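In this text the structure is predicted, and so the values were computed from the model without any measurement. Computed over heavy atoms, backbone and side chain alike; hydrogens, waters and symmetry mates excluded. Throughout, protein chains are lettered first and strands after them, A, B, ... in sequence-line order, and every chain is numbered starting at 1.
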Protein chains: 2
Amino acid sequence: MIKPVTVYDIAKEANVSVATVSRVLNNSAPVKESTREKIAGIIAKHQFQPNALARSLFKKETGMIGIILPDITNPFFPEVLSGLDIEARSKGYTFFLCDSVSSNRDFTEQYDRETRFLNILMEKQVDGIVLIGGRINLAKPSKEMVQEVVEAGKRVPVLLINGNLPGASLHRVAVDEKKGAELAARHLVELGHRNIAFIGGFKQMSNTIQRIQGFRNVLRESGIKERSDWIRTGGFSVAQGIELAEELLQLPIGERPTALQCANDLVAIGALKAARREGISVPEQLSIVGFDDIPFAAHSIPELTTVSLKCHEVGRTAAGVMDKLITRTKVAKTTILSPELVVRESTAPPAV
Amino acid sequence: MIKPVTVYDIAKEANVSVATVSRVLNNSAPVKESTREKIAGIIAKHQFQPNALARSLFKKETGMIGIILPDITNPFFPEVLSGLDIEARSKGYTFFLCDSVSSNRDFTEQYDRETRFLNILMEKQVDGIVLIGGRINLAKPSKEMVQEVVEAGKRVPVLLINGNLPGASLHRVAVDEKKGAELAARHLVELGHRNIAFIGGFKQMSNTIQRIQGFRNVLRESGIKERSDWIRTGGFSVAQGIELAEELLQLPIGERPTALQCANDLVAIGALKAARREGISVPEQLSIVGFDDIPFAAHSIPELTTVSLKCHEVGRTAAGVMDKLITRTKVAKTTILSPELVVRESTAPPAV
DNA sequence: GTGAAAGCGCTAACAC
DNA sequence: GTGTTAGCGCTTTCAC
């Protein structure tokens with residue numbers, strides 16, 4: 001590795017002081033054109049790159065935004081990340097990515113990792129931290145889990161995406177999930193379904209609770225009797241979707257649901273697979289609605305009717321809010337976006 | 001925001017010098033048990049977090065690995081990222097993510113962004129840079145594109161994943177793509193197909209060239225006549241897959257391919273959709289093979305036969321190599337992994 | 001076992 | 001317009 005060049009080296013070679021070098025580097029004060037050119041030439045010649053560590057140490061800003069998410073492999077996250085990135089990049093920020101996923105799907109381990117990441121990010125002096133997924137989706141996070149984030153929030157701007165921490169009063173950007181679930185359920189009801197089940201998610205998570213709440217609201221207002229055994233949680237993965245759907249679809253034809261509302265698109269894709277395995281055609285014999293609208297929702301066969309969480313827009317919005325937080329511009333504490341029903345091919349009126 | 005606590009604050013409160021505080025922070029020298037405890041107590045009380053910027057400035061290491069990739073939204077990348085992350089994390093590294101995607105699919109813009117990211121990462125003093133996708137997949141990158149990376153490589157360890165830069169002689173971890181394509185083609189030939197087309201990819205990219213090369217090798221050795229109009233490139237997306245497949249599938253039944261080898265899984269999924277649109281059943285009337293083995297390959301209907309690029313393993317391996325590079329341990333310049341054919345449901349003997 | 005002091009590479013007063 | 005200098009917060013010789 002080559003020995004790094006510093007402002008001093010440049011200054012010496014140009015017969016000027018480091019201050020002048022710094023001035024041309026940052027355009028922070030007028031410099032005589034001829035010396036500026038000389039310095040610029042030397043900088044270019046050595047391909048000099050100022051040490052951002054030193055600069056940040058002094059300026060107390062790094063231009064880095066830390067982001068803690070639970071699993072980059074879940075397509076939902078890259079989608080919002082991408083929105084965040086595009087918007088934040090235009091404002092000069094770069095990203096510090098922390099994936100708290102645990103190899104063995106152990107939540108405790110995941111939350112521990114979140115804590116560690118929170119600390120690492122603060123030590124690295126990021127300008128802001130955004131949290132998405134993980135503990136902020138817990139309906140009843142422990143006191144410490146909340147406290148840690150609150151403490152972090154005292155030192156650096158913290159923004160929560162699609163989640164919350166009861167009693168923490170942090171800035172948030174979120175999509176109204178209950179409303180999203182209502183959209184989905186209402187669509188099913190309007191198609192004529194009366195035997196609808198909800199599958200997927202984790203019942204200890206607030207996102208799941210809200211989605212189920214929306215679902216039940218619509219059933220109730222439609223005068224459909226509730227069946228607690230038709231609300232089955234267990235996970236957000238395709239594998240879980242297959243399993244949960246199978247349980248329901250193996251019931252005799254008259255006694256099984258004619259429509260499945262899923263906690264997310266992954267589960268819906270699992271349901272699609274389960275239906276196929278059972279020889280049930282979608283949407284003719286079974287309607288399926290997803291949630292999130294990840295890209296693959298449009299690519300499955302049949303294409304998934306789903307609720308768009310506008311991942312990209314959420315990301316962009318979050319980046320905007322974060323920037324305001326960092327620059328101490330006034331922003332609303334909570335920004336709620338509206339979900340949207342996307343009707344594609346996986347839903348139809350029930351078979352008669 | 002709270003005023004940050006420094007080692008000086010801790011030192012003063014403990015009536016010791018900053019040196020001692022630093023010693024307990026890093027366990028870098030023996031400290032009397034009683035004073036250690038006192039200091040630890042004060043640190044805990046203030047939730048003191050040492051400023052990593054200052055530390056790194058001195059130590060000349062940041063524990064950060066920069067990663068430049070072309071589009072986090074393409075599921076292939078999160079997959080290898082995840083492998084990288086898990087492995088690198090266990091060694092104490094964290095990630096700096098740079099997504100060079102351009103909103104308008106403009107490659108020039110993308111390469112420019114790569115250049116900018118390369119510089120940003122060096123300024124931030126990352127311990128290493130890994131490049132995946134983008135310019136390193138170009139068959140004929142410009143002199144400058146190569147030179148920039150070579151220059152970076154003189155200042156900080158650079159690792160290329162699944163690509164190369166002619167004449168650059170950088171460390172690489174890659175999967176043998178030509179062999180992968182041969183695996184796929186051979187599978188099709190062994191099933192009895194003689195009318196096979198290749199779709200997808202960009203013909204200016206080395207990964208595409210290699211995949212086509214492997215494909216043609218097998219056709220040739222199987223005595224199948226080549227049809228240059230049955231090799232169609234144009235992109236790596238689902239949309240492109242649909243388009244390219246449509247063109248071929250609209251040919252009259254005797255004159256169209258009985259099997260499609262795709263440049264990647266996304267294109268294969270597009271092909272699946274095109275087939276369905278044309279009322280052609282897969283695999284009965286048309287076999288389709290993908291490439292990469294992204295998670296969704298196993299989730300499509302029918303499940304995709306594909307070539308596994310072992311994304312996760314590639315990531316883990318890369319993390320290992322990067323660590324060695326950083327710690328100046330000897331490592332092979334090139335690590336080649338073997339792809340694997342994964343036979344699922346989208347391939348079958350041709351209809352008679 | 002502990003402290004004083006130098007220095008990592010940069011920026012920004014403050015002088016001139 | 002330009003130079004001098006004092007930090008930013010940390011680690012680490014080198015004394016004691």
Worksheet, complete the sentence: Of the listed C/dG3, C/dT11, C/dC8, the closest approach to the A/N26 side chain comes from C/dT11

Discussion item. Nearest to the side chain of B/L57, heavy atoms from C-beta on, is which of D/dG9, D/dC10, C/dA12?
Written reply: D/dG9

Item to complete: Quickly work out the A/R23 CZ to D/dT4 C1' distance and round it to whole Å.
Response: 11 Å

Worksheet item: Hey, is A/E151 close enough to A/K154 for a salt bridge, meaning N to O under 4.0 Å?
Response: yes

Worksheet item: Counting side-chain heavy atoms from CB outward, which of C/dA12, C/dG3, D/dC10 is closest to B/A19?
Response: C/dG3

Practice prompt. Classify the side-chain pair A/Q49/B/N119 by whether it contains a donor and acceptor separated by less than 3.5 Å.
Written response: yes

Response to the item:
Rounded to whole Å, NZ of B/K32 lies from C1' of C/dG3 at a distance of 14 Å

Fill in: Value in whole Å for how far the C1' atom of D/dT11 lies from CD1 of B/I10
16 Å

Worksheet item: Of B/R135, B/K143, B/R116, B/R155, which meets salt bridge (charged side-chain N to carboxylate O under 4.0 Å, His left out) against B/E148?
Response: B/R135

Item to complete: Tell me yes or no: between the side chains of A/H171 and A/T334, is some donor less than 3.5 Å from an acceptor?
Response: no

Worksheet item: Nearest nucleotide by nearest heavy atom, which residue falls closer to the 5' end of DNA chain C, B/A29 or B/A54?
Response: B/A29

Response to the item:
Comparing nearest nucleotides in DNA chain D, the 5'-proximal residue of the pair A/P30, B/V21 is A/P30

Fill in: Interatomic distance, A/M122 CE vs D/dG9 P [rounded to whole Å]
17 Å

Worksheet, complete the sentence: Of D/dT4, C/dA12, D/dG1, the nucleotide closest to the side chain of A/F58 is C/dA12

Worksheet item: Does A/N51 make a side-chain N or O approach to OP1 or OP2 of C/dC8 shorter than 4.0 Å?
Response: no

Discussion item. On the side chain of A/Y8, is there an atom forming a donor-acceptor pair with the base of C/dC8 - under 3.5 Å, no angle test?
Written reply: no

Worksheet item: Would you say a side-chain N or O of B/K60 is under 4.0 Å from OP1 or OP2 of D/dT11?
Response: no

Worksheet item: Taking the side chain of A/T20 as heavy atoms from C-beta outward, which of C/dG1, D/dG3, D/dT11 is closest to it?
Response: D/dG3

Worksheet item: When the distance from NZ of A/K12 to P of C/dG9 is rounded to whole Å, what number comes out?
Response: 13 Å

Worksheet entry | Distance-only side-chain donor-acceptor flag, A/N137 / A/S206, under 3.5 Å | no

Worksheet entry | Side-chain N,O (B/T6) to OP1/OP2 (D/dG9) below 4.0 Å | no

Discussion item. For a quick check of understanding: with a heavy-atom distance under 4.0 Å over all strands, which category does B/N15 fall into, base, sugar-phosphate or nothing?
Written reply: sugar-phosphate

Worksheet item: For the pair made of CZ in B/R55 and C1' in C/dG7, what is the distance, rounded to whole Å?
Response: 17 Å

Worksheet item: Does one side chain, of A/N26 or A/R55, offer a donor that lies under 3.5 Å from an acceptor on the other?
Response: yes

Worksheet entry | Nearest-angstrom distance from the residue atom CD of A/E123 to C1' of D/dC8 | 17 Å

Worksheet item: So, is B/T35 close to the C/dG1 phosphate, meaning a side-chain N or O under 4.0 Å from OP1 or OP2?
Response: no

Fill in: Interatomic distance, A/K59 NZ vs C/dT11 P [rounded to whole Å]
7 Å

